[in-house]
Amino acid sequence: MYYEPYDTCCVPKTWNISDDLGQIEYIFSDKTGTLTQNVMEFQKCSVHGFAYGEGVTEAMRGQAKREGRSDLMSPAEQARKLEVQKEEMLQKMSKAFKNRYLRPDQLTLVSPQLAEDLSDRSNPQRGHLIAFFRALAICHTVLAEKKEPQENPFLLDYKAESPDEAALVAAARDVGFPFVNKTSQGIDIEVMGQAERYIPLKVLEFNSTRKRMSVIVRNPEGKIILYCKGADSVIYARLAADHDQELKAATAKDMETFANGGLRTLCIAYRYLTEEQYFEWSRTYDAAAAAVKDREDEIERAAAMIEQDLHILGATALEDKLQEGVPEAIETLHQAGIKLWILTGDKLQTAIEIGYSCNLLKNDMEVMILSADSPDAARMQIEGGLNKIASVLGPPTRETMQANVKRSFAVVIDGDTLRYALDESLKPLFLNLGTQCDTVVCCRVSPAQKALTVKLVRHLSRAVKLASIDPPDYSWDATYLYQYTFILLYNLAFTSLPVIIMGAFDQDINAKASLAYPQLYRRGILGLEYTRAKFWAYMADGLYQSAVVYFFPYLVWFPGNAVSWNGKTIDSLADFGTTVSVAAILCANIFVGLNTSYWTWIMWFVTIGSSLFMILWIMVYSAFESIDYNNEFILLFSTVDFLATVVLTLMIALAPRYLYKYAVRTYHPLDKDIVREMWVQGDLKDRLGLSHRGKTNSRSEKLSLFRKHHLSNESEMELPTRGVYEPTMNRSPVEPQEYPMAKDNSSTTLSPLQPPTSHNRADDGRPLSPASVGADNRYSYYAASQLPSPAPTPISPEPPRNMVATPTPQPAHLSPSPYDIRPPFHSAESSRASHLTEATYTTADEWVEVDQGSGRATPHAL
């Protein structure tokens, strides 16, 4: 795993992570910084019931597409419009006041109306805007840094604990309310060009339990003000009893609109304090801060005493853009059968919209929203969800997981309901519901709830491990059969490197091919790769090989003593032990080779080199005088008996494994075997737009279909002129098409009217096609009518000659195809890879190309 823009690799933190590769069934993820870039942009705000901001978010575009609306501009048009509006806003503000700290390139809150209201001194909204942005410039824990104090003293950078705070303070700076500096004596800001200093009194910091933060300051007039910002539910619960109800409703409506657009909202409020109120509370807070027992609880109670009777100033809305390739990656995970659990602190509606924009939630999903205010209500909703799934899928079984189910389900649950669901009485029900859904989104959750949720599902997992052991050592007359250096070097030098290199570099399928067929991953989830039967089969095979390696040389030496070229007999324990050792080491290394799918130069080097090193060791070590090991290389390697014994031992020991693998891959291949053949011997590389070794500038690389795309999200690109941007097509543009076959009654050649039928299906019964989940055409939240038509499959520039129709053996689990077009002398294995190629045929003086999209035949002269 490698991220090129940052030149960063994935660094594993544990050695046993490889044990679970290919078997991951559940992925738990936070949203911020994982699905998103954790780069906040201040897009919109609501001040005294009026909304400002012209930006269009990714979630808003996704929502418009789901609803079939076409009233949104293209991303390029929207970007040009925003640039014009931004210039207009900057011109209006520059005429009204001077902002020395403005950074136009970082201004994300684009609203000419806001600049006009700030400039109009007769507009009562002006005072509300000043109070709102003044609060943003004061209520934070940000540090201001001047990078170039001499050359550019007005260039301010902000360092914050969270990107949210930095974005809020930066937005206030660019609108005309820059935070300049903070010391223990004062907080320096500017308000539309005029300097102001506030004396800090107390800071009540944010945490995940409080979901708010407050500062208490003394303003230039000497009054004490408390500014508070936090989640809307927390702030609204602490508003004054006589608060303006219309303002509350208008602000709540704006925040709901922001949340529906996938924005993160915060509510900003304030309160004036009298001197008596502050000093009385300050004594209580100081006592709580000095408490030895339950200090955190005492501080929380003291903070709650002062954070009351608040009045709303407005609300902010920040966008955290998705990371590059997130929708496509999540779609691939869905197709691979992996279940996704997203744990986020966002509001429910925000989480839903983000879920749709990144393919966590799709239009063809049955989305169940769990939001309850009591344990009984939570039980009813969970049971209702289980009943809904059972009415469609039936009872949850392993078979239903493997079936080609055309309905998928998702659960969205808020923090309060999750608290009830994690109770001991509801845990089994909630776990049963969640494990039957493709996606579970938990919103408004605390860090403690995230940990409990992961712990709940981890109890479900059962790790399946494949144990391999070394061949056992044998004793003989209370002495070592093998010369002791063989025991020391067997695992250290003679057999270790092939296993290590195989574990590090081997791949049963190329990464690009596996991404084209994500359904292959389902075998790992369903536990079909590493089973108990396979484990015991390996154990039995190891026992068989050990017996052959020992007893076959024993039976060869037992009838009579062999004689070396110099007349010396081969009858010592060292002679027999060396024969067994050589056979065992070669058998182990060749066995690794039989199980290797991806041969690289280093694999060849260590496999052959380890065996040659063993022979070199025998030659060098036996050349020196010792008590029990002298001239073994000269005695043994010069006799036909020894060489023939080793060769026959290897053949007998490895024959069952070789014949089994041959039979399985030839007559009962798995999907990965077929895809591997398509990659090695077929045209899969061409269809994926990849060049062959030693070849460049192939025709497929020139087709627009296979050009590499780098789109982080739709808002950063312009839609193509031919069709609509579709980041998450369930069917790959290079997916093989299916056509009926026409057979010529007069001969064995195929009629050129239509190409052969594709017949690939996954091991679990699902149709096997690149990035496709089946023929039910399940797309994501995009309408099928908006999908671009697929480009034709690239055709080899050299047409195959003398094409004849021959029957092709098919794996039992694949849909049979009666005929296959392939060249003469084509192997049965490689023929399976040719089913997905283009259809061509030849006559005496021409060859014909059949277009898979239209079925039109185009003749070409030979």
Side-chain angles (χ1 to χ4, degrees), residues 466-499 502 534-562 564 570-596 606-619 621-622 628-629 632-633 635-662:
L466 175 63
S468 60
I469 62 174
D470 297 328
D473 297 329
Y474 293 89
S475 60
W476 194 17
D477 292 337
T479 61
Y480 288 117
L481 170 63
Y482 312 112
Q483 209 283 331
Y484 193 67
T485 56
F486 282 98
I487 300 176
L488 294 177
L489 297 177
Y490 179 84
N491 284 329
L492 183 64
F494 295 157
T495 62
S496 60
L497 284 180
V499 177
M502 177 187 181
K534 181 175 289 188
F535 169 78
W536 289 112
Y538 271 95
M539 293 291 290
D541 195 14
L543 181 61
Y544 167 79
Q545 292 179 28
S546 300
V548 171
V549 164
Y550 174 79
F551 285 106
F552 190 84
Y554 176 77
L555 294 175
V556 171
W557 299 129
F558 181 77
N561 295 327
S564 180
I570 303 176
D571 56 359
S572 68
L573 179 63
D575 299 337
F576 177 60
T578 301
T579 305
V580 175
S581 299
V582 171
I585 293 170
L586 291 177
C587 183
N589 289 337
I590 296 175
F591 185 81
V592 172
L594 285 178
N595 289 277
T596 299
V606 299
T607 303
I608 298 175
S610 296
S611 301
L612 292 178
F613 178 73
M614 177 263 300
I615 298 174
L616 179 64
W617 174 257
I618 297 174
M619 180 175 66
Y621 185 74
S622 66
D628 60 347
Y629 207 72
E632 291 298 326
F633 181 81
L635 290 174
L636 293 176
F637 284 82
S638 62
T639 63
V640 177
D641 304 65
F642 168 80
L643 297 177
T645 299
V646 171
V647 172
L648 290 176
T649 300
L650 294 177
M651 294 176 61
I652 297 174
L654 297 174
R657 170 62 56 176
Y658 176 80
L659 294 175
Y660 172 78
K661 293 178 71 70
Y662 174 80

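Closest approach of Leu594 to Lys661, counting heavy atoms only: O-CE, 3.1 Å. Taking both residues in full, the closest heavy atoms of Asn491 and Ser496 are given as O-CB, 2.8 Å, listed atom of the first, atom of the second, then distance. Closest heavy-atom contact between Tyr544 and Ala653: CE2-O, 3.4 Å. Considering all non-hydrogen atoms of both residues, Val592 and Thr596 come closest at O-OG1, 2.7 Å.
In this structure, Ile652 CD1 and Phe551 CZ are separated by 14.0 Å, a value rounded to the nearest 0.5 Å. Atom CD1 of residue Ile590 and atom CD1 of residue Ile608 lie 10.0 Å apart, to the nearest 0.5 angstrom. Between atom CG of residue Leu636 and atom CD1 of residue Ile615 there is a gap of 11.5 Å, rounded to the nearest 0.5 Å. To the nearest 0.5 angstrom, Ile618 atom CD1 is 3.5 Å from Phe486 atom CZ. The line from CZ of Arg657 to OH of Tyr538 is 4.5 Å long, rounded to the nearest 0.5 Å. Taken from CG in Leu488 to CG in Leu492, the straight-line distance is 8.5 Å, to the nearest 0.5 Å.
A side-chain N or O of Asn589 and one of Ser611 form a donor-acceptor pair less than 3.5 Å apart.
Ring pair Tyr658/Tyr662 is parallel by interplanar angle, where below 30° counts as parallel and above 60° as perpendicular.
At a threshold of 4.5 Å between non-hydrogen side-chain atoms, the residues Phe591 and Asp541 count as touching. For the pair Val582 and Phe494, the minimum side-chain heavy-atom distance is 4.5 Å or more. Looking at Leu650 and Cys587, their side chains come closer than 4.5 Å, going by heavy atoms from C-beta outward. When side chains are defined from C-beta on, Phe613 does not count as touching Leu497, because their heavy atoms never get closer than 4.5 Å. Looking only at side-chain heavy atoms (C-beta outward), Met614 and Trp617 stay at 4.5 Å or farther from each other. At least one side-chain heavy atom of Pro553 sits less than 4.5 Å from a side-chain heavy atom of Thr649.
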TODO: May I have the step-by-step check of side-chain contact (heavy atoms from CB on, under 4.5 Å) for Leu489 and Tyr621, ending in yes or no?
DONE: CA-CA 13 Å; Leu489 297 177; Tyr621 185 74; over 6 Å; no
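Looking only at distances, no side-chain donor or acceptor of Ser610 sits under 3.5 Å from a matching main-chain atom of Thr495.
Under a cut-off of 6.0 angstrom, the local environment of CE in Met619 is crowded, with over 12 non-hydrogen atoms contributed by other residues, nucleotides or ligands.
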